Q: 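Take this structure, written in structure tokens, and hold onto it; I'll ask about it next.
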Amino acid sequence: MSSYISPFKPWIAAAIFILALEAGIYFYDKPNPFDRTSFLQFSFLKDETPQRLFVHEKIKAFAFSNPDIVQSGDSSGFYGIDPRVVMSDLPGPASYLNMSCCANLGFRGYFNILDLMARNNSSIKYMVLHVTPYTMPRAETWDADGASLWAVPELKVFGDAVYDAYLSVWRIFQIPSLALRRKVTDFVFYANGFFNEPSRPLLNNVNYLEFLKVFRESHGFMKETDPRVAVSPAECDVPTPTFFSIRGMRNKTYLEEVLDSYADLAARHRAKLAVVFQPVACSLGTGKGSQEAREVIANFKQAHPEVEIPFPLIETWPADMFSVPAHVKAEYTDKIGHRLGRAMAEIMNRNGSK
């Protein structure tokens with residue numbers, strides 16, 4: 001018998017050593033489970049992107065926060081919706097959490113965040129998808145993780161990374177030592193701090209550092225600090241790209257596919273979905289530039305009466321209320337927050353409060 005296992009003794013010894021090492025790290029270092037992933041990249045001489053850091057910090061802080069309402073979506077919601085304003089309009093002591101981030105998280109990423117939060121928090125009764133009509137679903141933000149958004153190399157879509165790090169069955173292999181990746185990469189890349197300060201922030205960026213100061217108290221919200229640009233009030237052009245759906249054996253718009261998927265997600269978690277479109281500076285005009293998108297939404301509402309869509313796709317506000325097309329200026333945070341808060345209050349009252 002001993003001769004049979006002899007060839008495997010080195011492997012067995014190595015396995016025992018690794019198990020003992022990982023157990024030691026687990027019991028003595030007590031690493032946060034959300035640090036035990038490869039979600040952050042820690043690349044050589046390359047900063048983390050602020051978008052990944054926003055998502056990582058929000059998940060780490062709020063994954064088990066037991067909100068009643070959770071919001072996901074692009075930066076229109078991140079910089080626009082202050083949960084404290086929304087909650088001031090809600091019936092009872094309902095809690096609202098802003099998990100929105102950025103367009104390059106993508107609709108797959110918004111979806112994964114809602115899924116993650118609902119899996120971890122049975123308290124969630126409402127899921128809010130908050131987006132601007134300027135960044136509607138398309139291949140890059142639904143089925144093309146890693147694609148460069150708007151041809152900007154730094155803005156790569158990373159929604160599937162949320163699934164891989166926090167939802168995939170492979171997360172069972174996220175061993176405790178993964179939490180030491182930054183220390184290891186600093187040791188290897190920067191001679192154990194000789195070329196870089198080990199205690200430095202993950203990103204020395206003004207917006208990220210301000211975010212760290214405020215996001216816990218604000219329930220995930222941060223004021224915009226955009227350089228002001230002239231925002232066009234011209235007619236809205238909302239593209240609705242299509243793909244061939246094997247399941248339906250027909251051409252289908254990405255907008256329809258995304259709305260259907262979110263409705264299924266909410267139903268699976270026994271939550272009510274609200275799809276919220278942010279106001280825009282562009283106008284309805286002749287309606288031709290947004291006609292197909294509005295028709296898709298109208299058909300979806302008929303097929304899914306359980307989903308709340310409290311605002312039209314195109315709701316035009318004065319152009320000087322926007323810092324950039326997708327962001328309402330910080331001085332109008334109360335206005336856009338109360339817009340959503342009152343709508344959610346009406347929805348909650350109609351559905352029996354919480």
Side-chain angles (χ1 to χ4, degrees), residues 51 71-82 85-86 89 98 100-107 110 128-141 149-152 155 207 221-242 253-256 258-259 274-301 308-344 346:
Q51 293 89 352
Q71 169 190 305
S72 187
D74 58 30
S75 59
S76 68
F78 180 22
Y79 297 117
I81 301 302
D82 185 340
V85 176
V86 175
D89 291 315
N98 182 341
S100 291
C101 170
C102 38
N104 61 311
L105 178 57
F107 282 85
Y110 316 152
V128 176
L129 172 63
H130 188 289
V131 294
T132 170
Y134 291 111
T135 58
M136 296 297 273
R138 52 193 172 104
E140 292 89 339
T141 57
L149 204 59
W150 302 310
V152 179
L155 286 179
N207 285 338
F221 161 76
M222 178 179 169
K223 288 184 178 180
E224 59 79 22
T225 56
D226 302 315
R228 299 314 193 231
V229 301
V231 180
S232 173
E235 181 172 329
C236 303
D237 183 14
V238 183
T240 51
T242 63
T253 65
Y254 281 99
L255 176 57
E256 183 184 0
V258 163
L259 292 174
V275 180
V276 177
F277 299 111
Q278 171 153 290
V280 288
C282 61
S283 59
L284 183 61
T286 66
K288 292 181 180 178
S290 61
Q291 180 177 351
E292 186 173 2
R294 288 183 290 116
E295 288 176 355
V296 168
I297 293 165
N299 292 335
F300 173 79
K301 290 172 73 171
E308 301 283 353
I309 305 182
F311 307 110
L313 174 65
I314 307 300
E315 180 180 320
T316 304
W317 284 12
D320 62 4
M321 295 179 71
F322 297 86
S323 57
V324 296
H327 300 164
V328 172
K329 287 180 178 177
E331 51 264 41
Y332 300 110
T333 294
D334 284 2
K335 182 176 177 65
I336 195 166
H338 285 306
R339 171 185 182 258
L340 177 56
R342 291 163 186 154
M344 288 303 303
E346 194 279 327

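No experiment lies behind these values; they were computed from the predicted model shown.
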Q: Inspect the contact between E292 and K288 and indicate whether a charged nitrogen and a carboxylate oxygen are less than 4.0 angstrom apart.
A: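 E292 and K288: not salt-bridged.
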Q: Do any N or O atoms from the side chain of E224 and from the backbone of D226 form a donor-acceptor pair under 3.5 angstrom?
A: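 Yes.
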Q: Run I297 and L255 through side chain to side chain contact (heavy atoms under 4.5 Å, CB included) and show every step you take.
A: CA-CA 8 Å; I297 293 165; L255 176 57; 4.2 Å; yes
Q: If I compare all heavy atoms of S283 with all of I314, which pair ends up nearest, and what's the gap?
A: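 It is C-CG2, 4.1 Å.
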Q: Charged N to carboxylate O under 4.0 angstrom, E346 versus R339?
A: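 Result for this pair is no, no salt bridge flagged.
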Q: Which heavy atom of A319 sits nearest to which heavy atom of A281, and what is that distance?
A: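 Here A319 and A281 meet closest at CA-CB, 3.8 Å.
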Q: Does the side chain of W317 come within less than 4.5 Å of K335's, by heavy atoms?
A: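 Yes, their side chains come closer than 4.5 Å.
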Q: On a heavy-atom basis, which atom in P310 and which in V276 lie closest, and how many Å separate them?
A: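 Smallest heavy-atom distance, with atoms named: CG-CG2, 4.3 Å.
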Q: Can you give me the closest heavy-atom contact between P325 and V229, atom names plus distance?
A: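 For P325 and V229, the tightest heavy-atom pair comes out as CD-CG2, 4.3 Å.
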Q: Would you say the side-chain atoms of D82 and T333 include a donor-acceptor pair closer than 3.5 Å?
A: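 No donor-acceptor contact under 3.5 Å links the two side chains.
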Q: State, yes or no, whether a side-chain contact exists between M321 and V231 at a heavy-atom distance under 4.5 Å.
A: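 In short, these two side chains do not touch, never coming nearer than 4.5 Å.
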Q: Under 3.5 Å, is there a donor-acceptor pair between the side chain of R294 and the main chain of P312?
A: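 Not confirmed, R294 side chain does not pair with P312 backbone.
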Q: Could you check whether any side-chain heavy atom of D74 comes within less than 4.5 Å of a side-chain heavy atom of Y110, counting everything from C-beta outward?
A: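 They are in contact (side-chain heavy atoms under 4.5 Å apart), so the answer is yes.
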Q: State the CE-CD distance between M344 and E308, to the nearest 0.5 angstrom.
A: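 Between M344 CE and E308 CD, I get 8.0 Å after rounding to 0.5 Å.
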Q: Tell me, please, which residues at least two apart from S72 pass side chain to side chain donor-acceptor pair (under 3.5 Å).
A: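 S72: no side chain to side chain donor-acceptor pair (under 3.5 Å) contacts found.
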Q: Under a 4.5 Å cut-off applied to non-hydrogen side-chain atoms, are R138 and P239 in contact?
A: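 No, every pair of side-chain atoms sits at 4.5 Å or beyond.
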Q: May I have the step-by-step check of side chain to side chain contact (heavy atoms under 4.5 Å, CB included) for Q278 and V328, ending in yes or no?
A: CA-CA 9 Å; Q278 171 153 290; V328 172; 3.9 Å; yes
Q: Partners of S75 by side chain to side chain contact (heavy atoms under 4.5 Å, CB included), sequence neighbours excluded?
A: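 With neighbours one apart ignored, the set is Y79, H327.
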Q: If we ignore hydrogens and angles and just use 3.5 Å, is the side chain of S290 paired with the main-chain N or O of V238 as donor and acceptor?
A: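 Flag not set: sc S290 to bb V238 has no pair under 3.5 Å.
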Q: Of all heavy-atom pairs between A234 and S232, which one has the smallest distance, and what is that distance?
A: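 Result for this residue pair: N-OG, 3.1 Å.
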Q: Is any side-chain heavy atom of V280 closer than 4.5 Å to one of Y134?
A: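 Of all side-chain heavy-atom pairs linking V280 with Y134, at least one is under 4.5 Å.
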Q: Taking atom CG of L284 and atom SG of C236, what is their separation to the nearest 0.5 Å?
A: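 The CG atom of L284 sits 7.5 Å away from the SG atom of C236.
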Q: For the CZ atom of F300 and the CG atom of L259, what is their distance to the nearest 0.5 Å?
A: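 So the CZ of F300 and the CG of L259 are separated by 5.0 Å.
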Q: Treating E235 as the side-chain partner and T286 as the backbone partner, does any N or O pair qualify as donor plus acceptor under 3.5 Å?
A: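 Between the backbone of T286 and the side chain of E235 there is a qualifying donor-acceptor contact (under 3.5 Å).
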Q: Between S100 and Q71, which heavy-atom pair has the shortest distance, and what is it?
A: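 Nearest pair, atom of S100 first, then Q71: OG-NE2, 2.8 Å.
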Q: Do L313 and M136 make a side-chain contact, defined as non-hydrogen atoms from C-beta onward lying under 4.5 Å apart?
A: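 Yes, close enough: below the 4.5 Å cut-off.
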Q: Taking the side chain as everything from C-beta on, heavy atoms only, tell me whether N207 gets closer than 4.5 Å to M222.
A: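 Yes, side chains in contact.
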Q: When rounded to the nearest 0.5 angstrom, what distance separates CZ in F322 from OG1 in T132?
A: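 If I round to the nearest 0.5 Å, the distance is 8.0 Å.
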Q: Taking C-beta and beyond as the side chain, do L340 and I81 meet within less than 4.5 Å on heavy atoms?
A: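 The answer is yes; the side chains approach within 4.5 Å.
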Q: Using the test side chain to side chain donor-acceptor pair (under 3.5 Å), find all partners of N104 that sit at least two apart in sequence or belong to another chain.
A: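 N104: no side chain to side chain donor-acceptor pair (under 3.5 Å) contacts found.
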